[in-house]
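I have placed the structure first, in the form of structure tokens, so that the comments after it can refer back to it.
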Amino acid sequence: MLVVQKFGGTSVGGLDRIENVANIVKKYKENGEDVVVIVSAMAGETNKLLEYAAHFTKTPPQREVDLLVSSGERVTSALLSIALQSKGIDAIALTGRQAGIVTTSDHMKARIMDINPEKMQKQLEKGKVVIVAGFQGINENGDVTTLGRGGSDLTAVAIAGALKADKCEIYTDVDGIYTTDPRIEPNAKKIDMISYDEMLELASLGAKVMQSRSVELAKKLNVDIEVKSSFEPFKKGTLITKENEFMEKVLVSGIALDKNQARVSIFGVEDRPGISAEIFGKLADENINVDMIVQNVGKDNKASLTFTVPATELEMTKKVLKEYENSSEAIEYDSDIAKVSIVGVGMKSHSGVAAEAFETLAKENINILMISTSEIKISMVIAEKYGELAVRALHTAYELDK
Ligand code: ADP
Ligand code: ASP
Ligand code: MG
């Protein structure tokens, strides 16, 4: 049996925690399993490095940022290898490059293009535990790239796929996926099994427990994931897998909150064919992830556009839109917003789910600024300060605590 185990920032957040991880890995190894371990940087480390870079400029060169932040994961991979070897377990730590991970060139959100697993396989054949620094690879120029925040999850899934592992375990600081972030709603319930599609929606709508791209890849490669706690490593976690008959057909399976969004409104822009293509094309050229676009009905040859972007991409968005300052009536930016979303495959066949959400927020006197829906989700943009309140109210309204 080959098992891929990924340990997140809190799980490797100090030397004692790394020791704890070494003990978990040792148990598996002693049970006769082959183990590949993916590690994150120590909790807070990536943010600290990003702050260092931001000390000099608001827009540091991304190539250097990647070289900088990839160091966090190297530290923990080497330390874990040292810890294991000191316990008599043969191990080897590899950087993303050494593990054969080749990515696109988009620094800070590169995509994995290929994994050459030979080096990992050779070390496994020698009986070693292979430890890989998560979150990183190299591009075709040989420069270090990183895979976007939370990217160690992606490293784990991609390696599990490339090595055809029997199991992929994501160890974190909660013991599974809950109906909503248990830190916001203490009555949240743990979910035994969740489909890729629902997890993908929850993750891309703000549930940072799994990086959304890692779930997308898991679905594509058909990699089953178990999310579990590194503090209770032998307790059953949550299985993320293909939709199947054992899954409860609940109306709503979870609620997600994303506070890292910003709203952009362009008022009174020229209403002519191609204007949206032009503006969003320019944003796309800068790799900005635009979401929830609303355009009002034009009047007097003027239209208004409102959309959201990740807060981290707001500076770049402002730069791109600078040229529209004179040709529009006004451009407004608001980063004090939150997006709260309800997710559930059961929504496909039920009506009235959205109405109930709107009513719930109305009862709490929370104004809805934007709405978007798909087959299995409803998202609402509200003022940031009401984010947690909205999550709790919706959680109760859909009886997720029952
Ligand atoms: P790691 O450092 O292990 O990658 P993260 O901090 O990225 O861990 O993700 C774990 C956190 O995700 C939890 O501590 C929890 O607060 C948060 N979270 C958000 N939504 C959920 C959810 N639906 N279920 C479980 N945890 C969630
Ligand atoms: N250390 C990186 C981050 O904080 C990657 C990860 O933890 O998965 O985003
Ligand atoms: Mg994470």
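In listed order, ligands and their atoms are each counted from 1.
- For the 3.5 Å distance criterion, the side chains of Glu226 and Tyr171 fail to qualify, holding no donor opposite an acceptor.
- A salt bridge links Asp153 to Lys6: one of the charged nitrogens lies within less than 4.0 Å of a carboxylate oxygen.
- Distances from ligand 2 to the non-hydrogen atoms of Gly72 include no value under 4.0 Å.
- For the pairing with Val25, the side-chain contact (heavy atoms from CB on, under 4.5 Å) check across Asn20, Val36, Leu84 returns one residue only, Leu84.
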Side-chain donor-acceptor contacts of residues 286-298 below 3.5 Å, not counting sequence neighbours, with atom names and distances?
from: Asp291; atom 1: OD2; to: Lys339; atom 2: NZ; distance (Å): 2.6
from: Asn296; atom 1: OD1; to: Ser304; atom 2: N; distance (Å): 2.9

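- Proximity of Glu73 to ligand 2, defined as any heavy-atom pair under 4.0 Å, is confined to the side chain (atoms from C-beta onward).
- Not one N or O of Asp153 is nearer than 3.5 Å to an N or O of ligand 2, by distance alone.
- Using a 4.0 Å heavy-atom cutoff, Gly150 is listed among the residues neighbouring ligand 2.
- The two residues Ala41 and Val12 have their closest heavy-atom pair at O-CG2, 3.8 Å.
- Residues satisfying the side chain to side chain donor-acceptor pair (under 3.5 Å) test with Glu313, not counting sequence neighbours, are Lys109.
- Against a heavy-atom cut-off of under 4.0 Å, Ser40 is close to the following atoms of ligand 2: 6 (C), 7 (O), 8 (O).
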With the criterion set at N/O pairs under 3.5 Å, what does the list of contacts between the protein and ligand 1 look like, atom names and distances included?
from: ligand 1; atom 1: 2 (O); to: Gly9; atom 2: N; distance (Å): 3.0
from: ligand 1; atom 1: 3 (O); to: Thr172; atom 2: OG1; distance (Å): 2.7
from: ligand 1; atom 1: 4 (O); to: Lys6; atom 2: NZ; distance (Å): 3.1
from: ligand 1; atom 1: 6 (O); to: Lys208; atom 2: NZ; distance (Å): 3.1
from: ligand 1; atom 1: 7 (O); to: Lys208; atom 2: O; distance (Å): 3.3
from: ligand 1; atom 1: 8 (O); to: Thr172; atom 2: OG1; distance (Å): 3.1
from: ligand 1; atom 1: 14 (O); to: Asp173; atom 2: OD1; distance (Å): 2.8
from: ligand 1; atom 1: 14 (O); to: Arg183; atom 2: NE; distance (Å): 3.0
from: ligand 1; atom 1: 14 (O); to: Arg183; atom 2: NH2; distance (Å): 2.7
from: ligand 1; atom 1: 16 (O); to: Asp181; atom 2: OD1; distance (Å): 2.8
from: ligand 1; atom 1: 16 (O); to: Asp181; atom 2: OD2; distance (Å): 3.3
from: ligand 1; atom 1: 16 (O); to: Arg183; atom 2: NE; distance (Å): 2.8
from: ligand 1; atom 1: 23 (N); to: Tyr178; atom 2: O; distance (Å): 3.0
from: ligand 1; atom 1: 24 (N); to: Tyr178; atom 2: N; distance (Å): 2.9

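- Atom 4 (O) of ligand 2 has Arg149 NH2, 2.9 Å as its closest protein atom, hydrogens excluded (heavy atom only).
- Atom CG in Leu80 sits 10.0 Å away from atom CD in Gln85 (nearest 0.5 Å).
- Only one option out of Asp181, Ile342, Ile184, Thr396 pairs with Val391 in a side-chain contact (heavy atoms from CB on, under 4.5 Å); it is Ile184.
- Of all the atoms in ligand 2, the ones that sit under 4.0 Å from a non-hydrogen atom of Ser152 are 5 (C), 6 (C), 8 (O).
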Please set out all donor-acceptor pairs under 3.5 angstrom arising from side-chain atoms of residues 112-133, sequence neighbours excluded.
from: Asn116; atom 1: OD1; to: Glu118; atom 2: N; distance (Å): 3.2

